[in-house]
Amino acid sequence: QVQLVESGGGLVQAGDSLRLSCAASGRTFNSYCMGWFRQAPGKEREFVAVISWRGVNTHYADSLKGRFTISRDNAKNMVYLQINSLKVEDTAVYYCAAADRMAAVATAFGSWGQGTQVAVSS
């Protein structure tokens, strides 16, 4: 398994941009597909994006395409989520997760970070 630690969240204003980071430990990081999920208060955990182990393929939630960009740096064991034009409804805890295949459901991901809070004010 891989251990994951997210960072980069905070309180921002609507329209701002934010880059979330996920640091992974473990020598097999580059064999995992990496995903981002989010969970808003009182709501189910929601898929955001996933990236393949080499970073060649990405997949986004249809409702979030255009403002979110997932990327990875295997040399640094890092995964990133760039969020542009933030909206109040983007307020959530954002989680980084690892899976052995490209997937958009939480059950496919076996390792999770503790999450980083993003709060967007109007």
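Just so it is clear, the structure is predicted and the values come from calculations on it, not from any experiment.
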Please check: side-chain N/O of [X] versus main-chain N/O of [Y], any donor-acceptor pairing under 3.5 Å?
X: S17; Y: N84; value: no
X: T116; Y: G9; value: yes
X: E6; Y: G115; value: yes

> Hydrophobic cluster mates of L20, side-chain heavy atoms under 4.5 angstrom, ILVMFWY only, any path?
Replying inline: V2, L4, V12, L18, F29, Y32, M34, W36, V48, I51, Y60, L64, F68, I70, V79, L81, I83, L86, Y94, V118, V120
>> For the OG atom of S122 and the NZ atom of K87, what is their distance to the nearest 0.5 Å?
In response: 14.5 Å
> How many angstroms lie between atom CD of E44 and atom CZ of R38, to the nearest 0.5 angstrom?
Replying inline: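 Here the rounded value is 14.0 Å.
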> Centroid-to-centroid, F37 to Y95, below 6.0 Å?
Replying inline: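 No, they do not, as the ring centres are separated by 6.0 Å or more.
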> Residues two or more places apart in sequence or in another chain: which of them pass side-chain hydrogen bond (donor to acceptor under 3.5 Å, both in side chains) with S111?
Replying inline: none
>> Distance alone, cut at 3.5 Å: any donor-acceptor contact between the side chains of T69 and Q82?
In response: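 Q82 and T69 do not have a side-chain donor-acceptor pair below 3.5 Å.
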> Could you walk me through whether S52 and H59 pass the side chain to side chain contact (heavy atoms under 4.5 Å, CB included) check?
Replying inline: CA-CA 9 Å; S52 60; H59 175 65; over 6 Å; no
>> Does anything in residues 57-66 form a salt bridge (charged side-chain N to carboxylate O under 4.0 Å, His left out)? List the pairs, not counting sequence neighbours.
In response: D62-K65
> Does the ring of W53 carry R101 above it, NZ/CZ under 6.0 angstrom from centre and within 45° of its axis?
Replying inline: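 Judged by the rule, R101 and W53 form no cation-pi pair.
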>> Between R67 and D90, is the side chain to side chain contact (heavy atoms under 4.5 Å, CB included) condition met? List the steps.
In response: CA-CA 11 Å; R67 295 192 300 116; D90 293 323; 2.8 Å; yes
